[in-house]
Every structure is written in C-alpha cells, then in structure tokens.
Amino acid sequence: MADSSSTTSPFFDEVYRVVQNIPRGYVATYGQVAALAGSPRAARYVGFALHSNPDPSLTPCHRVVFRDGSLSPGYAFGGPERQRELLEDEGVCFKMPRTQENAGAPGWVVDFDKSAWQA
DNA sequence: TGGTTGACCACTA
DNA sequence: CTAGTGGCCAACC
C-alpha cells in the first residue's frame, strides 16, 4: 500500500533503496548497487537515478563511487572535495592511486580494502 | 511527439 | 594482455 507515488520504475526504486541501505562509513559502487537492484549491467542508470536524486537527504550519492574508487565528475553536492570530506567525516578511508589522472577527486580514491560495503 | 543522451560495468574477440 | 561493444531506463529538447 502506500504507492509512495513511485512514478519511477521498480529498478530506480530499488536503486534508491539500496543506496539508502548503505551504512554510514562505507561506500558502494554503481555496479554493486545496479546488481542489487536487479541489473548488473545497468550501472549507467544507477548514476542517472542518483542524478535524478529526488531525495538527496535520503539518497547519499556521495557513498556511491566508481569501480576504480574515484568519485563522480559531475558531483552535485558542491564538488569532489566536498564529497571526500563527507566520506572522511563518516569514517571512510581514502588512499592515493598510482595515477592521479585516474581519480575524479584531487588525487584521492576510496579504499575499498577498508570501506567496501557488502550487502 | 519522437529521438538522443546520460554519475558505468561486464563480457567477448 | 588490450580494445571495443552492449545493456538497461528515464529525462531532456
């Protein structure tokens, strides 16, 4: 009941639900969220769903990062540096990749070895 | 109204 | 090992 006015498809709804289920201090990848949503190849739409971001307070996009550990280039919270602070403030560990050019953030990527979230 | 793009990942050759 | 393509859905013009 309570249709929750879900005009979006169940896939998008699952994406929001999975992202909201990410515990504080951990991060998940687009592919992981997509797989949990029911489509391991729909990672593109996970990012699109987060861009839609109907509830930024309920959908911590900053906890969703690339498979490389880098952050989204078009972050809509205030900047990649802002996202790094948010994650660090939550206890997420960061590390410096071998190639800074690979990092959307200024030379910092999430350390999946410590902060990788597992459903 | 329809067509194209878009915060990506995994698989195949 | 590297390179290239496909897939999936919604929103925008």
Side-chain angles (χ1 to χ4, degrees):
Chain A
M1 331 236 262
D3 61 12
S4 305
S5 62
S6 21
T7 52
T8 50
S9 195
F11 176 74
F12 267 55
D13 193 24
E14 282 293 305
V15 172
Y16 297 127
R17 186 155 305 187
V18 172
V19 174
Q20 291 166 19
N21 267 290
I22 299 172
R24 175 177 164 285
Y26 286 91
V27 292
T29 64
Y30 288 98
Q32 178 140 16
V33 175
L36 294 173
S39 293
R41 309 277 165 56
R44 296 175 80 185
Y45 313 102
V46 174
F48 220 42
L50 296 179
H51 189 201
S52 182
N53 210 351
D55 296 302
S57 58
L58 299 176
T59 311
C61 317
H62 62 271
R63 286 184 192 159
V64 185
V65 298
F66 286 139
R67 202 54 166 107
D68 296 334
S70 56
L71 310 179
S72 167
Y75 191 55
F77 276 81
E81 292 184 27
R82 180 62 177 171
Q83 185 175 11
R84 186 176 72 80
E85 284 191 6
L86 290 172
L87 293 173
E88 269 194 327
D89 184 56
E90 293 186 350
V92 175
C93 295
F94 276 78
K95 68 179 191 177
M96 178 150 320
R98 295 169 187 174
T99 54
Q100 295 183 346
E101 299 177 272
N102 185 12
W108 284 101
V109 295
V110 177
D111 186 353
F112 286 106
D113 186 46
K114 294 182 179 179
S115 300
W117 172 60
Q118 41 184 288

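Quick note on labels: first sequence line is chain A, next is B, and so on, each numbered from 1. Below, all heavy atoms of this structure are taken into account, side chains as well, without hydrogens, waters or symmetry copies.
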Report task. Please report, rounded to the nearest Å, how far the C1' atom of B/dA7 is from the CZ atom of A/F12. Result -> 11 Å
Query raised in the report: What integer distance in Å separates A/F48:CZ from C/dG7:C1'?
Result: 15 Å
**Report entry** Hphob cluster co-occupancy, A/L58 + A/V64, side-chain heavy atoms under 4.5 angstrom
**Finding:** no
Query raised in the report: For A/F11, which contact category applies under a 4.0 Å heavy-atom criterion: base, sugar-phosphate, or nothing?
Result: nothing
**Report entry** Neighbours of DNA chain C within residues 33-44 of chain A, by heavy-atom distance under 4.0 Å
**Finding:** A/R41, A/R44
**Report entry** P gap between B/dT5 and C/dT5, integer Å
**Finding:** 15 Å
Query raised in the report: Between atom OH of A/Y16 and atom OG of A/S52, what is the distance when rounded to the nearest 0.5 Å?
Result: 4.0 Å
Requested in this report: Look at the side chain of A/Y30 and decide which nucleotide, out of B/dA7, C/dA10, B/dA10, has an atom nearest to it.
Outcome: B/dA7
Requested in this report: Using a heavy-atom cut-off of under 4.0 Å over every strand shown, decide if A/G31 touches base, sugar-phosphate, or nothing.
Outcome: sugar-phosphate
Report summary line: Rounded to whole Å, NE2 of A/H51 lies from C1' of C/dC12 at a distance of 11 Å
Query raised in the report: Any donor and acceptor pair, going by atom type alone, linking the side chain of A/D89 with main-chain N or O of A/E85 inside 3.5 Å?
Result: no
Report summary line: CD1 (A/I22) and CZ (A/R63) are apart, to the nearest 0.5 Å, by 7.0 Å
**Report entry** OP1 or OP2 of C/dA11 under 4.0 Å from side-chain N/O of A/S52
**Finding:** no
**Report entry** Out of B/dA7, B/dC9, B/dG6, whichever nucleotide has its closest atom nearest the side chain of A/R67
**Finding:** B/dC9
Query raised in the report: Does A/L50 reach the side chain of A/Y30, with side-chain heavy atoms less than 4.5 Å apart?
Result: yes
Report summary line: For A/F11, the side chain to side chain contact (heavy atoms under 4.5 Å, CB included) test, sequence neighbours excluded, returns A/V15, A/A37, A/S39, A/A42, A/Y45, A/V46
Query raised in the report: Starting at CG of A/L50 and ending at P of C/dA10, how long is that distance when rounded to a whole Å?
Result: 15 Å
Query raised in the report: Where does DNA chain B pair, written as one dot-bracket string 5' to 3', with Watson-Crick or G-U pairs under 3.5 Å, ( ) inside the strand, [ ] for crossing pairs and | for another strand?
Result: .|||||.||||||
Report task. Look only at the side chain of A/E90 and the backbone of A/R24, and say whether a donor-acceptor pair between them is shorter than 3.5 Å. Result -> no
Report summary line: The reported gap from OG in A/S72 to CD in A/Q83 (rounded to nearest 0.5 angstrom) is 7.0 Å
**Report entry** Whether A/S9 side chain and A/F12 backbone form a donor-acceptor pair below 3.5 Å
**Finding:** no
Query raised in the report: When rounded to the nearest Å, what value does the distance between P atoms of C/dC13 and B/dA7 take?
Result: 14 Å
